[in-house]
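For reference, the structure discussed in these notes is given below.
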Amino acid sequence: MRSISKFVAFGLAAAIAFSAPAFAEEKAKPFTDNTEVNLLNLLPPPPANDSAKTKAEIGELLKIQVTRTPEMEARAVADAEENVWRYADVIDNPKFTKENLPKFSAFFDRIVETEAAVVDPAKDVWKRTRPHLLYPDLVKPVVPLSKSGSYPSGHTTLGTLMGVVLSNMVPEKKDAIMARAWEYGWNRVIGGIHYPTDIEAGRIAGIATAQTIMQHDDYKAEYEAARTELRTVLGM
């Protein structure tokens with residue numbers, strides 16, 4: 001009986017071991033990182049917490065805070081999501097979904113990871129204090145809070161990066177896509193979680209990252225596959 005029990009136990013353990021990878025989702029690999037796109041060399045340092053610039057930006061945030069509408073707040077909350085599907089309103093096609101576009105979806109998963117690999121190290125160096133942490137009694141964000149460095153805005157970097165790439169895939173909608181990318185970033189100010197200079201820096205970071213990865217062979221190959229899938233599925 002003991003030998004049979006050992007055999008059963010071994011078989012069960014083996015089954016679990018061999019089936020585990022099927023349940024583990026492999027993390028997307030960034031196309032580049034901060035060793036190639038070094039924002040510390042590309043961007044100026046953020047304004048100091050006690051600077052006139054930061055105080056003026058807080059004033060702008062407080063003005064927005066009392067004038068933003070419920071619709072603006074809802075838009076900012078929705079744009080807290082970091083994925084390409086936030087562009088569905090400008091693509092305006094019911095087939096623009098993750099389920100219909102597996103290659104496109106996997107490609108943009110890598111785009112998302114690229115933003116983090118480029119921006120997070122710079123945030124960790126500069127450690128700009130978020131508006132709601134600098135003035136907790138005054139600034140009241142409506143979007144999910146964060147304690148990470150405020151500068152540059154990662155959301156804005158990603159939104160700009162996604163906008164540049166997507167507009168290359170769908171040049172017919174380039175103006176609308178890039179306008180949406182700009183709104184995506186500015187919604188971080190409307191949401192009360194970033195300063196305007198964070199957004200400006202994020203746009204520069206997004207464009208610089210896009211220009212860099214477009215030179216990579218793996219990017220070119222996956223881009224073409226994703227673009228072809230997108231245009232075929234959307235009937236373009």
Side-chain angles (χ1 to χ4, degrees), residues 24-44 46 79-88 90-91 96-98 101-128 144 146 148-171 173-174 177-178 180-188 193-194 198-231:
E25 186 174 344
E26 186 177 350
K27 188 175 182 180
K29 179 183 177 182
F31 286 109
T32 190
D33 58 27
N34 67 308
T35 61
E36 185 177 26
V37 185
N38 189 342
L39 299 183
L40 300 178
N41 296 332
L42 179 66
L43 300 171
D79 274 356
E81 291 187 17
E82 294 183 285
N83 59 61
V84 73
W85 312 112
R86 293 302 304 148
Y87 286 84
V90 291
I91 296 300
F96 185 71
T97 67
K98 183 175 183 178
L101 300 164
K103 292 179 182 178
F104 175 89
S105 180
F107 172 76
F108 273 92
D109 284 345
R110 292 194 67 182
I111 294 290
V112 172
E113 293 301 322
T114 299
E115 175 272 312
V118 169
V119 173
D120 288 354
K123 280 177 173 277
D124 290 342
V125 170
W126 279 317
K127 291 182 169 62
R128 189 182 193 187
S146 174
S148 68
S150 191
Y151 181 93
S153 164
H155 271 76
T156 304
T157 302
L158 176 60
T160 305
L161 174 56
M162 291 191 298
V164 170
V165 174
L166 187 58
S167 65
N168 286 338
M169 292 181 173
V170 191
K173 294 178 177 283
K174 182 176 182 178
I177 290 170
M178 291 312 300
R180 184 69 179 91
W182 251 235
E183 180 203 16
Y184 185 86
W186 190 249
N187 273 339
R188 302 303 282 168
I193 201 74
H194 274 291
D198 299 339
I199 309 310
E200 294 167 9
R203 288 169 179 164
I204 294 171
I207 292 170
T209 303
Q211 291 175 335
T212 299
I213 63 177
M214 286 175 185
Q215 309 308 314
H216 293 193
D217 289 340
D218 62 337
Y219 171 91
K220 292 176 184 178
E222 292 188 36
Y223 168 86
E224 282 302 324
R227 176 185 179 277
T228 299
E229 180 185 66
L230 175 67
R231 296 187 65 84

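As a basis for the values below, the full set of heavy atoms in this structure was taken, side chains included, without hydrogen atoms, waters or symmetry mates.
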Could you grab the distance from atom [atom1] of [X] to atom [atom2] of [Y], nearest 0.5 Å is fine?
X	Y	atom1	atom2	answer
Arg86	Glu183	CZ	CD	8.5 Å
Thr32	Ile213	OG1	CD1	8.0 Å
Met162	Asn83	CE	CG	6.5 Å
Glu81	Tyr184	CD	OH	8.0 Å
Arg180	Ser167	CZ	OG	14.5 Å
Met169	Ile177	CE	CD1	10.0 Å

Is the backbone N or O of [Y] less than 3.5 Å from a side-chain atom of [X], with the two atoms forming a donor-acceptor pair by type?
X	Y	value
Lys123	Pro152	yes
His155	Ala80	yes
Tyr219	Ala210	no

Open item on the list: Holding to side chain to side chain donor-acceptor pair (under 3.5 Å), I want the full list of residues that pass it with Asn187, two or more places apart in sequence or in another chain.
Closed with: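 Partners of Asn187 under the side chain to side chain donor-acceptor pair (under 3.5 Å) test: Asp79.
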
If the condition is side chain to side chain contact (heavy atoms under 4.5 Å, CB included), which residues does [X] pass it with, not counting sequence neighbours?
X	result
Leu42	Leu39, Ile204, Ala208
Thr157	Glu115, Val119, Ala205
Val112	Leu158
Ala221	none

Checking [X] now: which residues fulfil salt bridge (charged side-chain N to carboxylate O under 4.0 Å, His left out) with it, not counting sequence neighbours?
X	answer
Arg188	none
Glu113	Lys27
Asp33	none

Applying ring pair (Phe, Tyr, Trp, His ring centres under 6.0 Å), can you list everything that pairs with [X], at least two apart in sequence or on another chain?
X	result
Trp182	none
Phe96	Trp85, Phe104
Tyr151	Trp126

Open item on the list: Given Phe108, which partner from the list Val165, Thr114, Leu101 fulfils the side-chain contact (heavy atoms from CB on, under 4.5 Å) test?
Closed with: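 Checked Val165, Thr114, Leu101 against Phe108; only one passes side-chain contact (heavy atoms from CB on, under 4.5 Å): Val165.
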
- [ ] Show the numbers, then the answer: is there a side-chain contact (heavy atoms from CB on, under 4.5 Å) between Val164 and Met214?
- [x] CA-CA 11 Å; Val164 170; Met214 286 175 185; 3.6 Å; yes

Minimum-distance pair of heavy atoms, taken over all atoms of [X] and [Y]:
X	Y	value
Pro30	Arg110	O-NH2, 3.4 Å
Glu229	Pro102	OE2-CD, 3.2 Å
Ser148	Ser146	OG-OG, 3.0 Å
Tyr87	Gly163	OH-N, 3.6 Å

Task: Ring geometry between Phe31 and Phe107 (parallel below 30°, tilted from 30 to 60°, perpendicular above 60°) - done: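 Phe107 vs Phe31 ring planes: tilted.
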
Open item on the list: With heavy-atom distances below 4.5 Å as the criterion, would you say the side chains of Ile111 and Val84 are in contact?
Closed with: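 With C-beta onward as the side chain, the pair stays apart.
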
Open item on the list: By the side-chain hydrogen bond (donor to acceptor under 3.5 Å, both in side chains) test, which pairs, at least two apart or in different chains, include something from residues 202-216?
Closed with: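 Applying side-chain hydrogen bond (donor to acceptor under 3.5 Å, both in side chains) to every pair that reaches into residues 202-216, excluding sequence neighbours, yields Glu36-His216.
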
Open item on the list: Checking Leu230 against Val170 for the side-chain contact (heavy atoms from CB on, under 4.5 Å) test, could you report, in this order, the C-alpha distance in whole Å, the side-chain angles of both residues, the deciding distance, and whether it holds?
Closed with: CA-CA 9 Å; Leu230 175 67; Val170 191; 3.7 Å; yes

Open item on the list: Strictly below 4.0 Å, N to O, side chains only: are Lys29 and Asp218 in salt-bridge contact?
Closed with: no

